[in-house]
Amino acid sequence: MNTPAGFEPGAALPTELAAASLCFVWRDDKILTRNSDPPTLPTLSDVMRLGIDGARHYLGRYQGIDSIALRVSADVPEPVGWQWRGLRSLFLQIPDPLLALAGRSSQVIEWDRSHRYCGRCGTPTLDKPDERAKQCPACGYVVYPRVSPAMMVLVTRGRELLLARANRFPAATYSALAGFVEPGESIEDCIHREVREEVGIEVDQLRYFASQSWPFPHSLMMAFNAEYLSGEARPCDAEIADVQWFTLDALPQLPGPVSISRKLIDATIACLRAA
């Protein structure tokens with residue numbers, strides 16, 4: 001989920017929006033889509049026709065069309081011909097640029113929902129008109145959308161890949177290791193600590209691969225390759241159900257193609273085979 005080409009971010013809601021403006025309508029953690037095959041997202045015209053209203057947040061313009069995020073109350077019913085769906089269920093069902101914007105909108109909506117009151121004094125916050133921020137009218141405290149940095153690392157040992165199965169994964173699915181950065185850590189510190197804590201080994205030769213916004217609910221995943229240094233790989237954390245070394249011709253079930261974990265694994269396999 002990366003910023004799509006042709007998208008111009010914005011924060012200030014225009015005074016007028018065209019009927020064709022793209023709307024990302026959220027009820028809690030579910031987004032509104034047309035009940036069609038493939039599913040489609042509503043326009044402002046659809047939203048007005050359905051009588052849906054709520055807190056609006058401007059996202060920007062995609063290919064010349066304004067886009068907004070809309071948060072509605074939890075008791076808004078499912079309109080006839082439409083359905084509330086989890087964002088993950090839309091993977092490979094809507095175009096990647098719209099999926100990326102839907103992910104962006106979900107993070108804005110989650111921030112709006114969870115920062116209605118000042119974390120310092122408890123006063124209801126107000127939206128700042130000139131930027132994506134909320135400000136307390138009592139103490140002046142300003143809060144921006146939260147982004148939680150996390151690392152992902154794929155460890156290799158010669159032509160073997162170290163893959164783990166977390167308890168939350170579907171049965172038989174293995175992936176690279178991942179974890180959140182703690183206060184005071186660099187991303188490299190986090191990689192060494194998480195690998196040690198999760199599977200009990202040491203790594204070196206860290207190499208940056210890519211990053212991806214991951215809106216579940218507000219992560220920025222930074223992916224790396226690393227080489228095995230020492231130790232015996234074993235589950236050392238309650239979240240890890242199994243960890244194994246896999247050869248290139250005996251790989252387990254892997255994550256779906258949308259995630260950066262799969263891109264990291266596929267790119268590493270291609271490099272090892274080419275070598």
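Just the heavy atoms: all of them, side chains too, but no hydrogens, waters or symmetry mates, feed the values below. In this text the structure is predicted, and so the values were computed from the model without any measurement.
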Taking every heavy atom of Ala138 against every heavy atom of Thr123, the minimum-distance pair comes out as CB-OG1, 3.5 Å

So Leu87 and Trp26, do their side chains get closer than 4.5 Å, heavy atoms only? yes

When rounded to the nearest 0.5 angstrom, what is the spacing between CG in Leu41 and CG in Leu101? 9.5 Å

Shortest non-hydrogen separation from Pro124 to Pro137 and the atoms involved: O-CD, 3.2 Å

Do any N or O atoms from the side chain of Glu110 and from the backbone of Arg146 form a donor-acceptor pair under 3.5 angstrom? no

Of all the heavy-atom pairs spanning Gly86 and Lys30, show the shortest one and how long it is. N-CD, 3.3 Å

Backbone N/O of Pro38 and side chain of Ser36: donor-acceptor pair under 3.5 Å: yes

Are more than 12 heavy atoms from other residues, nucleotides or ligands located less than 6.0 Å from atom CZ of Arg132? yes

Can you get from Leu44 to Leu50 by hopping between Ile, Leu, Val, Met, Phe, Trp and Tyr side chains that sit under 4.5 Å apart? no

Heavy atoms from other residues, nucleotides or ligands near CG of Asp189 exceed 12 (cutoff 6.0 Å): yes

Transitive ILVMFWY side-chain link Val47 to Trp82, under 4.5 Å: yes

Between the CZ atom in Arg71 and the CG atom in Asp112, the distance rounded to the nearest 0.5 Å is 4.5 Å

Can you check whether Val25's main-chain N or O pairs, donor with acceptor, with Arg27's side chain at less than 3.5 Å? no

Separation between OG (Ser175) and CD (Gln253), nearest 0.5 Å, reads 11.5 Å

Validation row: Glu131, Tyr144 side chains within 4.5 angstrom (heavy atoms): yes

Would a distance-only check, ignoring hydrogens and angles, find a side-chain to backbone donor-acceptor pair under 3.5 Å from Thr125 to Arg116? yes

Could you state the interatomic distance from CG (Leu98) to CG (Leu90), rounded to the nearest 0.5 Å? 10.5 Å

May I ask you to say whether Arg49 pairs ionically with Asp46, meaning some side-chain N is under 4.0 Å from a carboxylate O? yes

With a 4.5 Å limit on heavy-atom distance, are the side chains of Gln212 and Met152 in contact? no

Going by the angle between their ring planes, with limits at 30° and 60°, are Phe91 and Trp214 parallel, tilted or perpendicular? tilted

Hey, could you give me the CD1/CG distance between Ile269 and Leu248, rounded to the nearest 0.5 Å? 6.5 Å

For Asp28, does its backbone N or O pair with a side-chain atom of Arg113 as donor and acceptor, under 3.5 Å? no

Quick one: does any side-chain atom of Arg234 pair with a main-chain N or O of Glu232 as donor and acceptor, under 3.5 Å? yes

Is the number of heavy atoms from other residues, nucleotides or ligands under 6.0 Å of Gln93 CD greater than 12? yes

Minimum side-chain heavy-atom gap Asn2-Asp96 below 4.5 Å: no

Suppose we call two aromatic rings close when their centres sit under 6.0 Å apart. Are Phe224 and Phe209 close by that rule? no

With side chain to side chain contact (heavy atoms under 4.5 Å, CB included) as the criterion, how do Trp84 and Leu32 come out once you've worked through the C-alpha distance, each side chain's angles and the decisive distance to 0.1 Å? CA-CA 5 Å; Trp84 299 105; Leu32 185 67; 3.6 Å; yes

Are more than 12 heavy atoms, taken from residues, nucleotides or ligands other than Tyr117, located less than 6.0 Å from that residue's OH atom? no

Only counting residues at least two apart or in another chain, list the ones meeting side-chain hydrogen bond (donor to acceptor under 3.5 Å, both in side chains) with Asp127. Lys134

Which atoms form the tightest heavy-atom contact between Ala164 and Leu177, and what is the distance? CB-CD2, 3.7 Å

Please say whether more than 12 non-hydrogen atoms of neighbouring residues, nucleotides or ligands are located less than 6.0 Å from OH in Tyr141. no

A side-chain contact here means heavy atoms from C-beta on lying under 4.5 Å apart; do Leu126 and Gln135 qualify? no

Quick one, Val195 and Leu162 - any side-chain contact, counting heavy atoms below 4.5 Å? no

His57: which of Leu70, Ile68, Ile109 passes side chain to side chain contact (heavy atoms under 4.5 Å, CB included): Ile109

Atom CD in Gln107, atom CG in Leu59: separation rounded to 0.5 Å? 11.0 Å

ILVMFWY cluster, Val181 and Val147 together (side-chain gap under 4.5 Å): no

Just to verify, what does Arg165 make a side-chain hydrogen bond (donor to acceptor under 3.5 Å, both in side chains) with, not counting sequence neighbours? none

When every non-hydrogen atom of Ala11 is compared with those of Tyr58, the smallest separation belongs to O-CB, 3.8 Å

With a 4.5 Å cut-off on side-chain heavy-atom distances among I, L, V, M, F, W and Y, is there a chain of contacts connecting Leu154 to Val203? no

Verify side chain to side chain contact (heavy atoms under 4.5 Å, CB included) between Arg104 and Thr3, making sure each step is shown before the conclusion. CA-CA 9 Å; Arg104 179 184 291 252; Thr3 302; 2.9 Å; yes

In short, Cys121 meets Cys136 closest at the heavy-atom pair SG-SG, 3.5 Å

Consider only side-chain heavy atoms of I, L, V, M, F, W and Y, link residues closer than 4.5 Å, and tell whether Met222 and Ile265 are in one cluster. no

Do Asp29 and Pro217 have side chains that approach each other closer than 4.5 Å (heavy atoms only, starting at C-beta)? no

Step by step, work out the side chain to side chain contact (heavy atoms under 4.5 Å, CB included) result for Gln83 and Thr33. CA-CA 6 Å; Gln83 59 184 160; Thr33 63; 3.8 Å; yes

Are the side chains of Ile52 and Pro79 in contact, using a 4.5 Å heavy-atom criterion? yes

Test item: Arg157 side-chain N/O and Trp245 main-chain N/O as donor-acceptor pair under 3.5 Å: no

